[in-house]
Amino acid sequence: MERKYAALFLKEDKGYSVFLADYDQATCGENLQEARSMAKELAELSAYTEGHKEARDINAVDIQALYRERTGLELGKTELKNARLEYVEVAEDVDSYGIIEFS
């Protein structure tokens, strides 16, 4: 089973910035595919270190408010137009994240 966490993807001049809605975390990627991969990894790490949080409904996330909360800035009309919300899926069982066993 997986949980879905909302993430805000913002197109920048060079790549994408990503803000997780349910964790106070951000990441980036050179392209959308890399940004999605980085967001998934960060969400998994956050769930592992902080525990799973109650996931927000993506339709209830206010893009402008989330961006302001994380950066202290406002999104312009063009930036808002290039912003997108997507779900990032995280496995329910993240107990073994980053653990390597040596024999």
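Computed from heavy atoms alone, side chains included, the values below leave out hydrogens, waters and symmetry copies. In this chain, residues are counted from 1 in sequence order.
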*asked:* A side-chain contact here means heavy atoms from C-beta on lying under 4.5 Å apart; do Ile63 and Leu80 qualify?
replied: yes
*Report, as yes or no, whether the 6.0 Å neighbourhood of atom CD on Glu54 holds more than 12 heavy atoms from other residues, nucleotides or ligands.*
no
*Check whether any side-chain heavy atom of Tyr67 lies under 4.5 Å from a side-chain heavy atom of Leu10, and answer yes or no.*
yes
*asked:* Can you tell whether the side chains of Glu86 and Arg36 come within less than 4.0 Å, N to carboxylate O?
replied: yes
*Grab the two heavy atoms, one from Tyr23 and one from Ala47, that are nearest each other, plus how far apart they are.*
OH-CA, 3.5 Å
*Is atom CD of Glu30 surrounded by more than 12 heavy atoms (other residues, nucleotides or ligands) closer than 6.0 Å?*
no
*Atom of Ile58, atom of Ala6 and distance for their closest heavy-atom approach*: CG1-CB, 4.1 Å
*Glu79 and Lys81 ion-paired at < 4.0 Å*: no
_Do the side chains of Glu89 and Arg3 get close enough for a salt bridge, i.e. N-O under 4.0 angstrom?_
no
*Check: Asp62 and Leu66 side chains under 4.5 Å, non-hydrogen atoms*: no
*Taking the side chain as every heavy atom from C-beta outward, state whether Arg84 and Leu32 have any atom pair closer than 4.5 Å.*
yes
*Residues Arg56, Asp22: salt bridge by 4.0 Å N-O rule*: yes
*Of Val18, Val90, Leu20, which meets side-chain contact (heavy atoms from CB on, under 4.5 Å) against Leu42?*
Leu20
*Quick one: are the ring centres of Tyr5 and Tyr87 less than 6.0 Å apart?*
no
_Could you go through Thr27 and Phe19, starting from their C-alpha distance and side-chain angles, then the distance that decides it, and tell me whether this counts as side chain to side chain contact (heavy atoms under 4.5 Å, CB included)?_
CA-CA 7 Å; Thr27 189; Phe19 299 89; over 6 Å; no
